[in-house]
K.L.:
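Here it is: the structure, laid out below.
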There are 2 protein chains.
Amino acid sequence: MKPKISDVAHAAGVSPTTVSRVLNNRGYISEDTKKKVYKAMDALNYLPNDLARSLYNKRSNIIGVIVPTTSNPFYGELAAKIEHHCAEKGLKVLLCNSLFNVEKERNYWEMLRRNQVDGVIVCTYNRGLIDYDDHHLPIVAFDHYLSKRIPVISSNNYEGGVLATTHLLKSGCKKIIHINGPLDLETPANLRRKAYEDVMKEQDLPVLTYEIKPVLKQEATAKAVATVFDEQQDIDGIFASDDSIALAVIREARERGITVPDSLKVVGYDGSEFVREIAPELTTIQQPINKMAETAINHLLLQIEGTTQVPNQELVHHVLLRKGTSA
Amino acid sequence: MKPKISDVAHAAGVSPTTVSRVLNNRGYISEDTKKKVYKAMDALNYLPNDLARSLYNKRSNIIGVIVPTTSNPFYGELAAKIEHHCAEKGLKVLLCNSLFNVEKERNYWEMLRRNQVDGVIVCTYNRGLIDYDDHHLPIVAFDHYLSKRIPVISSNNYEGGVLATTHLLKSGCKKIIHINGPLDLETPANLRRKAYEDVMKEQDLPVLTYEIKPVLKQEATAKAVATVFDEQQDIDGIFASDDSIALAVIREARERGITVPDSLKVVGYDGSEFVREIAPELTTIQQPINKMAETAINHLLLQIEGTTQVPNQELVHHVLLRKGTSA
DNA sequence: CTGAAAGCGCTTACAG
DNA sequence: CTGAAAGCGCTTACAG
């Protein structure tokens, strides 16, 4: 069986209390005893049982991370970065892929609470699902407003929309279309669209927003993009609300013999590592995923360890125009 | 504070033992008592503490998943699918991104053992890192041979290599190049290359394998691909060992005015959901990620619950030629 | 500087 | 059908 603290104590000829003390570096222990204990731990290949520690300490050092799915590189990267910063701080990550499914998410919340996680980072679309205010579990939301009580981490989506649109304008575009993913109101991401519309109006240019219906994403995107090209002529710029859509636009343009960027300029949104690698030609608004992940866990830690009441706030990150050759 | 079992017992007017019994559906309890207990749990919003349960039961229902990084959609999808099948079986996933870093991985192993995980699924390149045979923790390896004792889940990489190469041959290609990611010997993935070489030799065609040096992947890939085009003329087919490389090939071809698939046919490897979405034109060998994930956790569960000694075996999955327009 | 005892929140023989 | 007691592997006052 796995050795426990009393086995170590026995081997070192001391009491369990003492072993625990050297384990936690607490109180005074003579160098000699320390050495004996370390030696015994080594000999037995002892590793403390974190379950028991967590039970006593009422601190599991585990945090729950709920994302739609890590299959999507944006969330995959986000999860990876969150986990990275957690590991650096001695925290562990319980991964939850909600798949936009309310029922699944509800189960995850219960699971996380049963497992005594110290806090959770959630990127969910299921508003009002949980009575977040009910339990005083530290929570940080990603890009979504969940409740008055919960701080949200986001990048400056309005700034991103402005950057994208003005970049297209400066490049000489006159007729710019915006293609939007399935609209989820009250989401910071919708500011991308608002920014586009504001900028266009300011320039007295027509506002042309298309929205992809939230059906089977893959074909829906292709179809929606085809519709845009069918319905509109002389488009010279497209600002897509995410990189998949932008790449679908470029593909469709190519098939129709429209050259990018000469006759059509395309700007995407997100700029995850993988998309940058796989499509370096794409001009896109890059979200600082790593920084956002870091802020999220720092802020969560503030709540977890915080003596002070952490105010509900929105932590907004600057966004970057990453120039490829598509615009 | 969070209610505990004794609070529920008190509220229901029974003993903690009884509450535990209804919680676990064990032994005989009168319907009446059951109702009282459920009512009390509801009223107190009681949720059992899994830490305490796991401690007593010596079963955490947590499994560790070590991947290079979920930023990469192949591993992101793999992690998501593993987590999905775990959730269905009441298991929880502790996520570890090793980033190909031996030191990080070593720490993860220790962390997982401290947390009393029931088993681990590992996709690691760090052979010989851990004395896997040392501890009798159930382990399943993904695509990598770690030790005689550890079963490995893989897809039939040889079959994939044959499929890709013969598809190119059937499409009329005469001069086919294989571009390989950084070579990691003894890895099932190298069978892709072996298959290519076998098929080419059999047809008395020249074997032309290029290998990408394991440096900064992004530029390395672009550069390696450019080299291939510089050094070789009249190439009419390229079999790339993963989809990123295949897409880099298509991009480079486009820049050089080589039309795909007319003058050059390209086949990739992996076929993750995201790449299929973002590049539906790519012909690729698709790995059955979901099935592999399912097999992995089923096999792990066999070890965990197994009374019988689970034999070390390789569980090979069939692979699929997914036809796009690139070949 | 060190140890015996109680407790973290559960569960399970063992009685009744 | 139900409860008192002991124990899962730790830690922390409290004594000494």
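As the structure is a prediction and not an experimental result, all values here were calculated from the model. Sequence lines set the chain letters: A, B, ... in the order given, protein chains first and strands last, and positions in each chain run from 1.
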K.L.:
Charged N to carboxylate O under 4.0 angstrom, A:Lys36 versus A:Glu31?
P.N.:
no

K.L.:
Nearest whole Å is fine: how far is C:dC8 C1' from B:Asp7 CG?
P.N.:
13 Å

K.L.:
Run the side-chain hydrogen bond (donor to acceptor under 3.5 Å, both in side chains) check on A:Arg113 and A:Asn115 step by step: do they pass?
P.N.:
CA-CA 5 Å; A:Arg113 292 172 61 197; A:Asn115 280 275; over 6 Å; no

K.L.:
I need the CD-P distance between A:Gln116 and C:dC8, as an integer number of Å.
P.N.:
14 Å

K.L.:
For A:Arg53 and C:dG7, give me the distance from atom CZ to atom C1', rounded to whole Å.
P.N.:
17 Å

K.L.:
Under 4.0 Å between a side-chain nitrogen and a carboxylate oxygen: does that hold for A:Asp50 and A:Lys92?
P.N.:
yes

K.L.:
Between the protein and nucleotides 12-16 of chain D, which nitrogen or oxygen pairs come in under 3.5 angstrom?
P.N.:
residue: D:dT12; atom: OP2; partner: A:Arg26; partner atom: NE; Å: 3.4
residue: D:dT12; atom: O4'; partner: A:Tyr56; partner atom: OH; Å: 2.9

K.L.:
Pull out every stem in DNA chain C, meaning runs of 3 or more consecutive Watson-Crick or G-U wobble pairs with both distances under 3.5 Å.
P.N.:
C:1-3 with D:14-16, C:5-12 with D:5-12, C:14-16 with D:1-3

K.L.:
Between A:Ser54 and D:dC10, is there a side-chain N or O to OP1/OP2 distance below 4.0 Å?
P.N.:
no

K.L.:
Taking only side-chain nitrogens and oxygens of A:Tyr46, does any of them come within less than 4.0 Å of OP1 or OP2 of D:dG9?
P.N.:
no

K.L.:
With a 4.0 Å cutoff (strictly under), does any side-chain N or O of B:Ser30 reach OP1 or OP2 of D:dT2?
P.N.:
yes

K.L.:
Using the side-chain heavy atoms of B:Lys58, tell me which of these nucleotides is nearest: C:dT2, D:dG9, D:dG3.
P.N.:
D:dG9

K.L.:
When you compare the side chains of A:Thr18 and A:Ser15, does any donor N or O come within less than 3.5 Å of an acceptor on the partner?
P.N.:
yes

K.L.:
How do A:Gly13 and B:Leu47 order along DNA chain C: which one's closest nucleotide is nearer the 5' end?
P.N.:
A:Gly13

K.L.:
State whether B:Arg106 and B:Glu110 are salt-bridged, where the test is any N-O pair (Lys NZ or Arg NE/NH1/NH2 against Asp/Glu carboxylate O) under 4.0 Å.
P.N.:
no

K.L.:
Tell me whether B:His10 at atom NE2 has more than 12 heavy atoms from other residues, nucleotides or ligands lying less than 6.0 Å away.
P.N.:
no

K.L.:
Assess the side chains of A:Gln116 and A:Ser60: does a donor N or O sit below 3.5 Å from an acceptor N or O?
P.N.:
no

K.L.:
Return the 5'-most residue of the pair B:Leu55, B:Ile29 with respect to DNA chain D, ranking by each residue's nearest nucleotide.
P.N.:
B:Ile29

K.L.:
Rounded to the nearest Å, what distance is computed from the CE atom of residue A:Met41 to the C1' atom of nucleotide D:dG9?
P.N.:
15 Å

K.L.:
Give a yes or no on whether a salt bridge exists between A:Lys104 and B:Glu88, defined as a side-chain N under 4.0 angstrom from a carboxylate O.
P.N.:
no

K.L.:
Looking only at side-chain atoms of A:Ala52, point me to the closest of C:dC1, D:dC10, C:dT11.
P.N.:
D:dC10

K.L.:
Give A:Thr33 one of three labels, base, sugar-phosphate or nothing, depending on what nucleic acid heavy atoms sit under 4.0 Å from its own.
P.N.:
sugar-phosphate

K.L.:
Quick one: do B:Glu294 and B:Lys89 make a salt bridge, cutoff under 4.0 Å?
P.N.:
no

K.L.:
Round to a whole Å and report the spacing from CD1 of B:Ile5 to P of D:dG7.
P.N.:
19 Å

K.L.:
Please confirm whether the shortest side-chain N or O distance from B:Ser15 to OP1 or OP2 of D:dT2 is below 4.0 Å.
P.N.:
no

K.L.:
Tell me: CG of A:Asn25 to P of C:dT2, nearest whole Å?
P.N.:
14 Å

K.L.:
Figure out the NZ/P separation between B:Lys36 and D:dG3, and round it to whole Å.
P.N.:
8 Å

K.L.:
Is the shortest heavy-atom distance from the side chain of A:Val117 to the side chain of A:Leu94 under 4.5 Å?
P.N.:
yes

K.L.:
Atom CZ of A:Arg59 to atom C1' of D:dT11: distance rounded to whole Å?
P.N.:
16 Å

